[in-house]
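Just below is one structure, and these are the notes that go with it.
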Amino acid sequence: QVHLVESGGGSVQAGGSLLLSCGASASISDYCLGWFRQSPGKEREGVASIDADGSAVYADSIEGRFTISRDNDKNTLYLQMNNLNPEDTATYYCATVDETRFSCGAVAGLSWSANALDTWGQGTLVTVSS
């Protein structure tokens with residue numbers, strides 16, 4: 001099982017940008033990968049996914065502001081977040097998606113139990129202030 005570590009979170013003002021990174025301990029080239037977020041009092045939700053071929057799907061709430069990408073040579077997944085708003089405040093997690101159980105394209109927009117996937121990182125906190 002690959003080990004994932006998120007980084008890049010921080011505090012920004014509304015309208016700002018952040019680049020989140022998810023470093024993997026081993027090759028990720030064959031994995032569907034996802035970014036998820038969880039804010040206080042809410043379920044963990046899928047933000048975006050990217051399959052092994054590079055096809056990406058985003059939650060409707062993203063509205064074109066985020067871009068998920070992967071660099072397989074660096075074993076790293078990215079989430080470029082632009083035009084952040086306070087509603088984006090959350091702890092962001094990355095994970096591999098077990099495609100024997102879930103469709104990669106169905107990740108975004110769905111709610112996820114912490115036990116649904118096996119490779120959550122520790123999360124990185126994003127705080128967006130007005």
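Since this is a predicted model, take the numbers as computed values, not measurements.
When hydrophobic clusters are built by joining Ile, Leu, Val, Met, Phe, Trp and Tyr residues whose side-chain heavy atoms come closer than 4.5 Å, directly or via intermediates, Y31 is not grouped with V107. Taking hydrophobic clusters as Ile, Leu, Val, Met, Phe, Trp and Tyr residues chained together by side-chain heavy-atom distances below 4.5 Å, Y93 does not share a cluster with V5. Using a 4.5 Å cut-off between side-chain heavy atoms of Ile, Leu, Val, Met, Phe, Trp and Tyr, with links allowed through other members, L79 and W120 fall into different hydrophobic clusters. Cluster membership for Y92 and V97, using ILVMFWY side-chain heavy atoms within less than 4.5 angstrom, is not shared. Linking ILVMFWY residues whenever their side-chain heavy atoms come closer than 4.5 Å, directly or via other members, places L33 and I62 in the same cluster.
Of the inter-residue distances, the one linking Q80 atom CD with S17 atom OG reads 5.5 Å to the nearest 0.5 angstrom. Taken to the nearest 0.5 Å, the CE atom of M81 stands 8.5 Å off from the CG atom of L19. Note that OG of S21 and CG of L77 are 8.5 Å apart. Values are rounded to the nearest 0.5 Å. Within the model, atoms CD of E45 and OG of S39 stand 7.0 Å from one another, a figure rounded to the nearest 0.5 Å. We find the CG-CG distance between L4 and L117 to be 10.5 Å, quoted to the nearest 0.5 Å.
Among all heavy-atom pairs drawn from R65 and L84, the shortest one is NH1-CA, 3.8 Å. In plain terms, the two heavy atoms of I28 and N72 that are nearest each other are CG1-OD1, 3.7 Å. Minimum heavy-atom separation, A108 to V57: CB-O, 3.7 Å. Closest of all the heavy-atom pairs between A14 and P86 is CB-CD, 4.2 Å. Considering all non-hydrogen atoms of both residues, T124 and G9 come closest at OG1-N, 3.0 Å. Nearest heavy-atom pair across E6 and G123 is OE1-N, 2.8 Å.
Screening V47, I68, I50 for a side-chain contact (heavy atoms from CB on, under 4.5 Å) with Y58, the sole residue that qualifies is I68. With R37 as reference, D88 is the one residue of T89, T91, D88 to meet the side chain to side chain donor-acceptor pair (under 3.5 Å) rule.
A donor atom on one side chain and an acceptor atom on the other are found under 3.5 Å apart for E43 and S111. There is a side-chain donor-acceptor pair under 3.5 Å between T100 and D98.
When ring centroids are compared, F102 and W112 come within the 6.0 Å threshold. In this structure, W35 has its ring center no closer than 6.0 Å to that of F66.
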One pair to check against side-chain contact (heavy atoms from CB on, under 4.5 Å): T119 and H3. What are the steps and the verdict?
CA-CA 6 Å; T119 58; H3 179 241; over 6 Å; no
Check the pair D71 / T76 against side chain to side chain donor-acceptor pair (under 3.5 Å), numbers first and verdict last.
CA-CA 5 Å; D71 187 335; T76 303; over 6 Å; no
Test side-chain contact (heavy atoms from CB on, under 4.5 Å) on N85 and N83; report intermediate values, then the result.
CA-CA 6 Å; N85 60 62; N83 195 24; over 6 Å; no
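Q13 places no side-chain N or O within 3.5 Å of a backbone atom of V128 that could act as its donor or acceptor partner. Panel note: side chain T127, backbone S11; no donor-acceptor pair is recorded below 3.5 Å.
Within a 6.0 Å sphere centred on CD of Q1, heavy atoms belonging to other residues, nucleotides or ligands number more than 12.
Taking the ring axis of Y78 as reference, the NZ or CZ atom of R70 does not stay both within 45° of it and closer than 6.0 Å to the ring centre.
Within the 4.5 Å cutoff, side-chain heavy atoms of S27 are placed close to those of N75.
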